[in-house]
Amino acid sequence: MAWDFSTDRDFQEKLDWVRDFVETEVEPLDLAFGDEHLVYDKKHPVHDEVLRPLQEKVRAQDLWACHLGPELGGKGYGQVKLALMNEILGRSGWAPSVFGCQAPDSGNAEIIAHYGTEAQKERYLEPLLEGRMCSCYSMTEPQAGADPQEFRCAARKDGDEWVIDGEKWFSSNLRFAEFAIVMAITNPDVPVYQGASMFLVPTDTPGIEIVRNVGVGWEGDGEGAHAYVRYQGVRVPAENLLGGEGQAFKIAQTRLGGGRLHHAMRTVGAVQRCFDSMCERVLSRTTQGELLAKKQMVQDGIAESWIQLLQFRLQVLHAAWTVDRVGGHAARTEIAGVKVATPRVYKDVVMRAIQLHGSLGISNEMPFSKMLLAAIVMGLADGPTEVHKVTIARAALKGYEPHEGLWPREHLPERRAAARERFAHLLEHEIGNQ
Ligand SMILES: Cc1cc2nc3c(=O)[nH]c(=O)nc-3n(C[C@H](O)[C@H](O)[C@H](O)COP(=O)(O)OP(=O)(O)OC[C@H]3O[C@@H](n4cnc5c(N)ncnc54)[C@H](O)[C@@H]3O)c2cc1C
């Protein structure tokens with residue numbers, strides 16, 4: 001029997017170190033530098049003065065960039081260990097950067113590692129892995145996100161160069177990035193899934209215009225970090241093509257599968273944080289002469305949250321275990337399942353946390369309203385929930401055949417008749433005894 005829900009003692013010691021380190025050294029960064037965009041602004045002095053020394057401590061513990069295999073300087077721990085670690089990192093907006101696994105750089109690094117030439121790796125991958133550079137992934141367009149068949153941004157070959165023209169939408173962190181990975185159509189005569197390519201585009205290339213930086217939720221005009229960007233006659237050398245021509249979607253899948261799972265792993269930690277806060281609150285607040293924890297409807301919220309968190313955590317760990325066994329591509333249904341569950345569980349638990357904290361819960365003196373927005377984002381970024389449900393349903397239905405005949409296989413009269421025929425001698429005996 002190989003079913004086991006325990007953690008190796010050696011790795012548990014690492015996890016204990018991570019938890020203590022994140023709580024004492026990293027979470028203060030979230031509190032002191034509330035602007036989460038500073039995480040990506042490598043020019044801000046906090047990077048050299050605080051972040052780098054913290055990153056050194058992480059390296060000294062052999063915990064740097066754990067999403068990467070050993071060939072790229074990671075430890076090759078695999079996804080299950082990464083899940084256990086990411087649960088802790090999910091408590092803090094700065095923690096992934098301290099541990100060298102922040103999105104979107106982590107996914108971008110993975111695809112350059114997989115598909116990049118030696119020269120591309122030297123120029124883009126190494127500084128990205130060392131945390132010296134910030135990158136952007138530029139795929140979604142203003143008129144189309146979930147359906148790439150509507151994409152228009154195109155690149156044409158001109159001598160030894162590619163010329164990119166088009167617009168992109170929600171290109172996160174472009175304003176801090178040294179380069180963007182841009183998806184563009186290079187062959188309009190075939191379906192987009194075979195006719196789009198990826199390019200490495202340095203952000204100081206002439207022709208890149210950020211129309212505006214779009215924010216989410218309550219962010220003010222221009223305060224956001226999701227660029228609406230226009231690429232106008234943007235020229236890059238032929239060697240900036242990433243992978244082969246027409247390979248954009250193959251490359252995108254390499255990136256997005258892992259990224260979705262890593263978001264889910266961190267969400268386990270964020271949901272746990274809501275749950276912890278909720279439990280403490282109901283044990284601390286009195287109403288009508290008794291603790292909130294004594295009210296049955298409050299207990300219902302605690303119990304439902306506990307169940308959802310446990311189910312979600314096990315689902316994420318199972319998906320991670322499946323990726324370790326069969327790889328990300330073969331585990332795409334499990335990853336899609338996790339992608340659908342992530343916003344639902346996060347939203348449900350954070351909503352209960354807000355409700356049970358009352359006005360304080362929705363105030364800007366607690367983290368929950370930001371978390372609620374983050375939960376909603378989880379249902380959109382990296383593809384909307386509906387699209388992932390389609391993936392799951394298609395995969396599930398592949399395992400079935402239509403059932404012949406008028407009645408379904410589970411139709412009880414037919415099944416009962418067959419069963420009665422099998423036990424006819426005993427049934428006759430029973431009837432005879434009556
Ligand atoms: C915070 C954040 C960061 C992001 N960062 C990046 C980034 O760095 N780079 C990047 O390229 N993109 C980024 N995105 C964009 C993201 O990938 C898109 O939002 C996503 O793919 C959906 O595209 P859309 O927003 O155009 O929605 P649409 O494609 O217009 O879809 C809108 C809605 O229509 C419904 N819908 C769509 N398709 C289907 C379907 N097949 N079946 C049923 N219903 C459907 C869903 O309800 C969906 O939410 C980011 C998004 C967010 C929110």
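Whatever order the structure lists ligands and atoms in, that order sets their numbers, starting from 1.
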Show your working on salt bridge (Lys or Arg N to Asp or Glu O under 4.0 Å) between Glu87 and Arg313 and close with a plain yes or no. CA-CA 9 Å; Glu87 286 178 3; Arg313 184 170 189 244; 2.7 Å; yes
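Sorted by first and then second residue, the ring-ring contact (aromatic ring centres under 6.0 Å, His included) pairs with a member in residues 320-342 read His318-Trp321; sequence neighbours excluded.
Formation of a donor-acceptor pair under 3.5 Å by the Arg235 side chain with backbone atoms of Glu161 is not found in this model.
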Pairs under 3.5 Å, N/O atoms on ligand 1 and on the protein: can you put them in a table with the distances?
unit_1: ligand 1; atom_1: 5 (N); unit_2: Phe170; atom_2: O; d: 3.3
unit_1: ligand 1; atom_1: 5 (N); unit_2: Ser172; atom_2: OG; d: 2.8
unit_1: ligand 1; atom_1: 8 (O); unit_2: Tyr137; atom_2: O; d: 3.4
unit_1: ligand 1; atom_1: 8 (O); unit_2: Phe170; atom_2: O; d: 3.4
unit_1: ligand 1; atom_1: 8 (O); unit_2: Ser172; atom_2: N; d: 3.1
unit_1: ligand 1; atom_1: 8 (O); unit_2: Ser172; atom_2: OG; d: 3.2
unit_1: ligand 1; atom_1: 9 (N); unit_2: Tyr137; atom_2: O; d: 2.7
unit_1: ligand 1; atom_1: 9 (N); unit_2: Phe170; atom_2: O; d: 3.2
unit_1: ligand 1; atom_1: 11 (O); unit_2: Met139; atom_2: N; d: 2.9
unit_1: ligand 1; atom_1: 11 (O); unit_2: Thr140; atom_2: N; d: 2.8
unit_1: ligand 1; atom_1: 11 (O); unit_2: Thr140; atom_2: OG1; d: 3.1
unit_1: ligand 1; atom_1: 12 (N); unit_2: Thr140; atom_2: OG1; d: 2.7
unit_1: ligand 1; atom_1: 17 (O); unit_2: Thr140; atom_2: OG1; d: 3.4
unit_1: ligand 1; atom_1: 23 (O); unit_2: Ala146; atom_2: N; d: 3.3
unit_1: ligand 1; atom_1: 26 (O); unit_2: Gly145; atom_2: N; d: 3.2
unit_1: ligand 1; atom_1: 29 (O); unit_2: Ala146; atom_2: N; d: 2.8
unit_1: ligand 1; atom_1: 47 (O); unit_2: Glu386; atom_2: OE1; d: 3.3
unit_1: ligand 1; atom_1: 47 (O); unit_2: Glu386; atom_2: OE2; d: 2.5

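Residues passing the side-chain hydrogen bond (donor to acceptor under 3.5 Å, both in side chains) test with Arg152: none are found, sequence neighbours excluded. Under the side-chain hydrogen bond (donor to acceptor under 3.5 Å, both in side chains) criterion, Ser106 pairs with no residue, sequence neighbours left out.
In this structure, CG on Asn240 lies 11.0 Å from CD1 on Ile181, to the nearest 0.5 angstrom.
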